[in-house]
There are 2 protein chains.
Amino acid sequence: MDSAEHASAPAGIINPLEERLGYQLRRASTVMQADLTKALSGLSLRPHEASALLLIEKNPGITQSEIGRSLGIKRANMAPIAAMLSNRHLVERSRFDGRSQGLRLSPEGEALAHTVHKRMNVHEARFLPELSPSERVALTSAIAKVWADED
Amino acid sequence: MDSAEHASAPAGIINPLEERLGYQLRRASTVMQADLTKALSGLSLRPHEASALLLIEKNPGITQSEIGRSLGIKRANMAPIAAMLSNRHLVERSRFDGRSQGLRLSPEGEALAHTVHKRMNVHEARFLPELSPSERVALTSAIAKVWADED
DNA sequence: TATTGTTATACTCTATAACTATA
DNA sequence: TATAGTTATAGAGTATAACAATA
């Protein structure tokens, strides 16, 4: 069957990475990303596409480049994401200035965004079982400070 | 030149992802991973290879599969990492039971591990400028709890 | 039957370079 | 000169399936 791959940490092994912030961030991020992918299953949306959808929802008229700068996705990597959302008629592109286009959700896009919000809420709640809302905010903003400088 | 790609968040744009734990983890993890890659430059070691090296250092005789389970790397993806460390004579493989091999560092591997520790310390310190040691531990273990269940 | 190590393969995300066209 | 959008391409990391050898 070949399953039950990695459980967390075999007994008797000393993991010197466990005290490293970067390591903990990678492990936590990977687990949550995998869970988000499952949470979005059936919607044909990858995590980045879902994120872009929600950003357009809250910022109608936003351009691809602005989305990329907001989410940390390079302009070159935004192109196929925007093209996919447009091809599926989830977003509409309106010429803005000849070289850039404003994006906004279509009615189908709005409906899908609502579904994404609901799935994301359930997804996130799975990882915050013992944290109060204020503790959750504290943790989230502490992590935000880690990369705020962008170095 | 085409540089200065993404700064953090353009003004006037509302980012609804900012309060999401999964999003913050991804951004922070990506930034730290990129910085670690730079910190290791010249050593011809990718982050995963460096992690495996440090795990072998602290657990001489460990097998590839155990490394994978400890670090969250699938057995199939450990094979090329172990082969690379072995080909560069950084680790020695000693038959353990016919189907598995115990790994331990060679003198060159030990020396490289020391360098990795030093570079990693500098790297991590860059992201913890305003946290006290106890706050750092608190943040790291809070993140550890996020993925402890493994879901 | 289960585990170790391995190969092949595919997907997601990230990154750079280079090009067109607009500003 | 700089920016927007695009294409091509490469490199990480992650995932599954399948196989041989061993336990």
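The chains referred to below are lettered A, B, ... by the order of the sequence lines, with proteins before strands, and numbering in each begins at 1.
- Across the protein-nucleic acid pair, B:Phe96 atom CZ and D:dA21 atom P stand 22 Å apart, rounded to whole Å.
- The separation between A:Ile62 atom CD1 and D:dG5 atom P is 10 Å, rounded to whole Å.
- Judged as a side-chain contact (heavy atoms from CB on, under 4.5 Å), and not counting sequence neighbours, the contacts of A:Ser100 are A:Thr63, A:Phe96, A:Asp97.
- For A:Asp35 and D:dT14, the CG to P distance is 16 Å, given to the nearest whole Å.
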Nucleotides 7-13 of chain D: which of its N/O atoms have a protein N/O under 3.5 Å away?
residue	atom	partner	partner atom	Å
D:dA12	OP2	B:Arg46	NH1	3.2

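- Checked by distance alone, A:Arg99 brings a side-chain donor or acceptor within 3.5 Å of a matching partner on the base of C:dT22.
- Each of A:Ile56, A:Leu36, A:Leu71, A:Val116 was evaluated against A:Ser51; a single residue qualifies, A:Leu71, per the side-chain contact (heavy atoms from CB on, under 4.5 Å) test.
- Note on B:Met120: it does not cluster hydrophobically with B:Val137, by side-chain heavy-atom contacts below 4.5 Å among ILVMFWY residues.
- Atoms CG (A:Leu103) and C1' (D:dG5) sit 11 Å apart, rounded to a whole Å.
- Taking atom CD on B:Glu66 and atom C1' on C:dT3, their separation rounds to 12 Å, with Å as the unit.
- Judged as a salt bridge (charged side-chain N to carboxylate O under 4.0 Å, His left out), the pairs with a partner in residues 44-64 of chain B (not counting sequence neighbours) are, in order, B:Arg46-B:Glu49.
- The phosphate of C:dT22 (OP1 or OP2) has no side-chain N or O of A:Ser100 nearer than 4.0 angstrom.
- A:His48 meets the ring-ring contact (aromatic ring centres under 6.0 Å, His included) test with no other residue; sequence neighbours excluded.
- Checked against side-chain contact (heavy atoms from CB on, under 4.5 Å), A:Ile14 has the following partners two or more places apart in sequence or in another chain: B:Asn59.
- With rounding to whole Å, B:Lys38 atom NZ is found 10 Å from C:dA15 atom P.
- Residue B:Arg93 is classed as a sugar-phosphate contact, given heavy-atom separations below 4.0 Å to backbone atoms only.
- For A:Thr115, the side-chain contact (heavy atoms from CB on, under 4.5 Å) criterion is met by A:Leu43, A:Arg119, not counting sequence neighbours.
- Between A:Leu36 atom CG and D:dA15 atom P the separation is 14 Å, expressed in whole Å.
- With D:dA15, C:dT6, C:dT16 as the candidates, the nucleotide lying closest to the side chain of A:Lys74 is C:dT16.
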